[in-house]
Amino acid sequence: MTAEPLMRMRLRVEQDIFVVRQLGREVARTVGLESQDQTRMATALSEVGRVLLGLGRHAEVTFTVEAIGVPTLRVAMTHPARGDESRLAGQLQQVGRLVDTMEVDDGESGTVVRMARRLPAGAPRLTPERMDEIHAELARHVPGTPLDELAVQNQQLISALDEVRAQRDDLARLNAELEETNRGVMALYNQLSQELEETNRGVVALYAELDEKSAQLAAASEAKSRFLANVSHELRAPVTAIIGLGRLLTDSGSDELTTEQRRQVDLIRGSATDLLTLVNGLLDLAKAEAGRIEPTWSEVDLKAVFGQLRGTLRPLATRPEVDFMVEEPALPTLRSDEVLLAQVLRNLLTNALKFTEAGSVRLSVRRIADDAEFVVADTGYGIAPELQERIFEEFYQVPGSKPVSGKGTGLGLPYARRLAGILGGALRVDSTPGAGSTFTLRLPLAS
Ligand code: ADP
């Protein structure tokens, strides 16, 4: 929308450039542009004025202010010569930067240069009353001499220089601060990377130590297994020989022995048999620990295994107070190693019979999810909770628990647990002292 012009003036001679410059500043000030924008507008006007006057003839300047929408000061400078649009636009390129918009075109009355600058948000509202005041103020404006204008320009130059110096000082200060911050950051970074490096070195050393320790442990454990295997192996032959010789001595074909001699030979045979059991147990355990037991996987017929256990252990279950029961398996087969499985169950059943005075010893199996669960339950002495893990240690026997029958070496359970692991399963115990124990062997149905 075109508003009522605030001011008009005609440029005729070079001096008028000073006048339009002053007027431009005055109009800009009156409508509410800030000081720097006033100077910008004044400079733009004098530049355009100078170029237009250079074309010869007169130029017309019109100031308007738009109160509706975004309040804007507009200036149109008209020159009667036409067709200079593109050349002018080129000459005035720099001027365009001083205002928000600048366009040059061929108007009806000649070439027109239009410029606009938006008023700041804080400028007084352009109410009709304010517009009247602006008109009145501008009417009172008396143009100064070129000397006045020169003084004003000098003043502006000085303040612009001051501002530039202040900005340069600010920049120098900021740079110094930045440098300081950079130094701080670098120091922190160096400190952190040093700490990190130290920590890393510590961790590496720790790992090396751990590696060394675990290598030592592995070597020690291997040495122990090798020692046990060798010693047991070497012992087996002489002990077997002692048992054989003892049998020969008491054989009916040998010379008659006195009762005392026979008693002593029987003692020797008994001790040698115990020793052989121990040696065999040690050998088995050493083999299992050295990983030298390779299971032979096959479909195991549980009915057959249970039948065999029932048959071989029946002779041990001699006490009428103890009910020895091997239940019918609730599971037909399982993929495992038959010999090792039977060995584990035999150890558990032998123990149950050894440590049960009265009641029952019972073997059963059932399926739980993808596992087979073998349970050997007895109503024997039971095991105190704090000893329930210790009984799986080599040579550990619960103090004071005398077997009802037979003897022990303390190697049966550690071996059984090893075998359970080799078969891909686990062995655990639940027990209540005085009420009995339940050993549970859990094995996967398919190895
Ligand atoms: P052992 O040859 O002495 O039976 P094991 O390793 O088989 O060796 O068992 C270790 C110890 O665990 C036994 O000496 C016994 O004290 C205890 N024990 C094992 N099974 C039972 C059980 N069913 N009832 C009570 N105590 C048991």
Side-chain angles (χ1 to χ4, degrees), residues 217 220-221 224-225 227-229 232 274-291 293 309 312-313 316-317 319 321-326 339-365 371-443:
L217 266 179
S221 156
K224 183 194 81 174
S225 299
F227 171 79
L228 285 180
S232 338
D274 288 351
L275 196 56
L276 188 62
T277 314
L278 176 68
V279 166
N280 281 339
L282 273 177
L283 196 60
D284 286 342
L285 195 61
K287 263 205 223 156
E289 282 187 355
I293 294 184
L309 285 170
T312 50
L313 291 172
L316 293 183
R319 297 170 63 80
E321 304 90 332
V322 178
D323 197 5
F324 177 55
M325 280 175 288
V326 175
V339 177
L340 300 184
L341 170 64
Q343 178 75 61
V344 178
L345 294 177
R346 193 176 306 116
N347 278 10
L348 297 177
L349 286 168
T350 315
N351 275 349
L353 289 168
K354 270 196 316 195
F355 298 104
T356 305
E357 250 177 345
S360 64
V361 168
R362 180 187 292 263
L363 166 67
S364 62
V365 63
D371 289 341
E373 198 173 75
F374 296 85
V375 177
V376 175
D378 66 52
T379 56
Y381 300 158
I383 303 146
E386 66 277 13
L387 302 180
Q388 287 176 10
E389 267 310 298
R390 293 214 60 190
I391 56 172
F392 291 99
E393 288 172 14
E394 291 154 29
F395 297 111
Y396 188 81
Q397 296 178 309
V398 174
S401 74
K402 279 245 162 292
V404 180
S405 59
K407 293 179 184 161
T409 56
L411 293 174
L413 284 180
Y415 183 53
R417 187 169 255 186
R418 280 265 167 200
L419 291 187
I422 290 171
L423 293 177
L427 175 62
R428 63 162 208 274
V429 66
D430 297 299
S431 182
T432 311
S437 315
T438 303
F439 286 80
T440 308
L441 168 70
R442 198 157 173 155
L443 294 181

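FYI, side chains are in, hydrogens and waters are out, and symmetry mates aren't considered; it's all heavy atoms of this structure.
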Using every non-hydrogen atom in the two residues, find where [X] and [Y] come nearest and quote the distance to one decimal.
{"X": "Ser401", "Y": "Tyr381", "answer": "CB-CD1, 4.3 Å"}
{"X": "Val398", "Y": "Leu387", "answer": "CG1-CD1, 3.9 Å"}
{"X": "Leu228", "Y": "Ala286", "answer": "CB-CB, 3.8 Å"}

Tell me which donor-acceptor pairs under 3.5 Å the side chains of residues 415-437 have, and how far apart each pair is, sequence neighbours excluded?
unit_1: Arg417; atom_1: NE; unit_2: Leu427; atom_2: O; d: 3.3
unit_1: Arg417; atom_1: NH1; unit_2: Glu389; atom_2: OE1; d: 2.9
unit_1: Arg417; atom_1: NH2; unit_2: Glu389; atom_2: OE2; d: 3.4
unit_1: Arg417; atom_1: NH2; unit_2: Leu427; atom_2: O; d: 2.9
unit_1: Ser431; atom_1: OG; unit_2: Ile383; atom_2: N; d: 2.7
unit_1: Ser431; atom_1: OG; unit_2: Gly436; atom_2: O; d: 3.1
unit_1: Ser431; atom_1: OG; unit_2: Ser437; atom_2: OG; d: 3.0

[X] [atom1] to [Y] [atom2] distance, which is reported to the nearest 0.5 Å:
{"X": "Asp323", "Y": "Thr379", "atom1": "CG", "atom2": "OG1", "result": "9.0 Å"}
{"X": "Ser225", "Y": "Leu285", "atom1": "OG", "atom2": "CG", "result": "8.0 Å"}
{"X": "Thr277", "Y": "Leu282", "atom1": "OG1", "atom2": "CG", "result": "11.0 Å"}
{"X": "Glu393", "Y": "Ile391", "atom1": "CD", "atom2": "CD1", "result": "10.0 Å"}
{"X": "Glu386", "Y": "Gln388", "atom1": "CD", "atom2": "CD", "result": "8.5 Å"}

* To do: Just jot down the side-chain contact (heavy atoms from CB on, under 4.5 Å) partners of Glu321, sequence neighbours excluded, or say none.
  =>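 Glu321: side-chain contact (heavy atoms from CB on, under 4.5 Å) contacts with Arg319, Ala358.
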* Asked: What residues form a side-chain contact (heavy atoms from CB on, under 4.5 Å) with Lys402, not counting sequence neighbours?
  ->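 For Lys402 there are no side-chain contact (heavy atoms from CB on, under 4.5 Å) partners, ignoring immediate neighbours.
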N/O donor to acceptor pairs below 3.5 angstrom from side-chain atoms of residues 404-413, sequence neighbours left out:
unit_1: Lys407; atom_1: NZ; unit_2: Asp274; atom_2: OD2; d: 2.5
unit_1: Thr409; atom_1: OG1; unit_2: Leu411; atom_2: N; d: 3.3

* salt bridge (charged side-chain N to carboxylate O under 4.0 Å, His left out): which pairs involve residues 341-352, sequence neighbours left out? ->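 Applying salt bridge (charged side-chain N to carboxylate O under 4.0 Å, His left out) to every pair that reaches into residues 341-352, excluding sequence neighbours, yields nothing.
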* Can you list every pair that meets salt bridge (charged side-chain N to carboxylate O under 4.0 Å, His left out) and has a residue in residues 275-284, with sequence neighbours left out? ->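 The answer is none; no pair qualifies.
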* To do: Dump the intermediate steps for side-chain contact (heavy atoms from CB on, under 4.5 Å) on Phe374 and Leu348, then the final yes or no.
  => CA-CA 10 Å; Phe374 296 85; Leu348 297 177; over 6 Å; no
* To do: Dump the intermediate steps for side-chain contact (heavy atoms from CB on, under 4.5 Å) on Leu349 and Leu363, then the final yes or no.
  => CA-CA 8 Å; Leu349 286 168; Leu363 166 67; 4.0 Å; yes
* May I have the step-by-step check of side-chain contact (heavy atoms from CB on, under 4.5 Å) for Leu353 and Phe324, ending in yes or no? => CA-CA 8 Å; Leu353 289 168; Phe324 177 55; 4.1 Å; yes
